[in-house]
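Values below: every heavy atom of this structure, side chains too, minus hydrogens, waters and symmetry copies. Every chain is numbered from 1, with letters handed out A, B, ... down the list of sequences.
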Amino acid sequence: MTLNQYKPVEETFFHMPTLELARHLLGKLLVKTTSAGTASGFIVETEAYIGPGDRAAHSYNDRRTARTEMMYASPGHTYTYTMHTHCLVNVVSGAAEHPEAVLIRAVEPYEGRELMHLRRNRMKKETELTNGPGKLTKALGIDPTDYGRLLTHPPLLIAEGWEPESFEVITGPRIGIENSGEAKEYPWRFWIGGNPFVSRLRKSK
DNA sequence: CCGCCGATAGTCT
DNA sequence: GACTATCGGCGGT
């Protein structure tokens, strides 16, 4: 696999409602190229964060700040932010001025496994490489300098991957938002049934 | 395989 | 100064 063999999605792919996009991103490839090489993985878990009314979203109550500014951009851009020491990556969704996004929570390694292995401090277990939002960004080499990129071309892109008919989509409550009132119950987490790279396989509450 | 817990830094009040 | 859309090590089973 070389970079020019990936088939990036069209920008119009991102023009669907956020909950649909969270579902349709499953199976797609997330691809990052740096001077060290190309690393990619199939998206196997996502979460939707939907606008000013979603208590779990950074855009809750229309909090428009320097950090959340990209959530208001047109769909298909990245919204990255740091959680403790980790960088998390979101796909901006919804029309411009509508602050919605889809968090990528886990991928299954495809190209550049050796590079991912090194970046992850030679992590022994294969499934531990990319089974969390902070883990996958480190493995793929995604960092805060990727804030605001358009995901239709290198160095960071979403490309065609698995056929949607080839896997089952499961939904459930989002992770790590215990302080978000009713919103913590919304089934806005999506993952591929039976995939070993999904974070928190058993504890899906 | 599971759950607990401490580390760690960017952002906002 | 108080939050986190987290991670990994450790100890018990």
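- Where A:Arg120 and A:Asn179 each meet DNA chain C at their nearest nucleotide, the meeting point lying more 5' is that of A:Asn179.
- Scanning DNA chain C 5' to 3' for nucleotides with an atom closer than 4.0 angstrom to a non-hydrogen atom of chain A gives a first and last hit of C:dT4 to C:dG8.
- The ring pair (Phe, Tyr, Trp, His ring centres under 6.0 Å) analysis of residues 82-102 of chain A, with sequence neighbours excluded, yields no pairs.
- A salt bridge does not link A:Lys184 to A:Glu178: none of the charged side-chain nitrogens sits closer than 4.0 Å to a carboxylate oxygen.
- The aromatic ring of A:His84 does not sit over the base of B:dG10, since the test of centres under 5.5 Å and planes under 30° is not met.
- We find that CZ of A:Arg200 is positioned 11 Å from C1' of B:dG3, with the value rounded to whole Å.
- The residues A:Glu160 and A:Lys7 are annotated as not salt-bridged, no charged nitrogen and carboxylate oxygen being separated by less than 4.0 angstrom.
- Nucleic acid contact for A:Leu103: base, since at least one base atom lies under 4.0 Å from a heavy atom of the residue.
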For residues 125-137 of chain A, which side-chain donor-acceptor pairs fall under 3.5 Å, sequence neighbours excluded?
from	atom 1	to	atom 2	distance (Å)
A:Glu126	OE2	A:Arg113	NH1	3.2
A:Glu128	OE1	A:Lys135	NZ	3.1
A:Thr130	OG1	A:Val107	O	2.6
A:Asn131	OD1	A:Lys135	NZ	2.9
A:Asn131	ND2	A:Thr127	O	3.4
A:Thr137	OG1	A:Cys87	O	2.6
A:Thr137	OG1	A:Gly134	O	3.0

Original post:
What pattern of brackets, bars and dots sums up DNA chain B from 5' to 3', given Watson-Crick or G-U wobble pairs under 3.5 Å, [ ] for crossing pairs and | for another strand?
Top reply: |||||||.||||.
Original post:
What do the steps show when you test A:Tyr49 against A:His58 for ring-ring contact (aromatic ring centres under 6.0 Å, His included), and what is the final call?
Top reply: CA-CA 8 Å; A:Tyr49 287 87; A:His58 291 160; 7.3 Å; no
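- Applying the ring-ring contact (aromatic ring centres under 6.0 Å, His included) test to A:Tyr72 and every residue at least two apart in sequence or in another chain returns nothing.
- Of the residues in residues 87-99 of chain A, those lying under 4.0 Å from DNA chain C by heavy-atom distance are A:Leu88, A:Asn90.
- Legend: residues meeting side chain to side chain donor-acceptor pair (under 3.5 Å) with A:Arg64, ordered by chain and number and at least two apart, are A:Glu69, A:Glu97.
- Non-hydrogen atoms lying under 4.0 Å from DNA chain C are contributed by A:Gly132, A:Pro133, A:Gly134, A:Lys135, all within residues 123-138 of chain A.
- Near DNA chain C, meaning a heavy atom under 4.0 Å from it, residues 54-63 of chain A has A:Ala56, A:His58 in order of number.
- A search for salt bridge (charged side-chain N to carboxylate O under 4.0 Å, His left out) contacts involving A:Glu108 returns nothing, not counting sequence neighbours.
- Looking at residues two or more places apart in sequence or on another chain, you find no side chain to side chain donor-acceptor pair (under 3.5 Å) involving A:His24.
- Considering only residues two or more places apart in sequence or on other chains, A:Arg174 meets the side chain to side chain donor-acceptor pair (under 3.5 Å) condition with A:Asp54.
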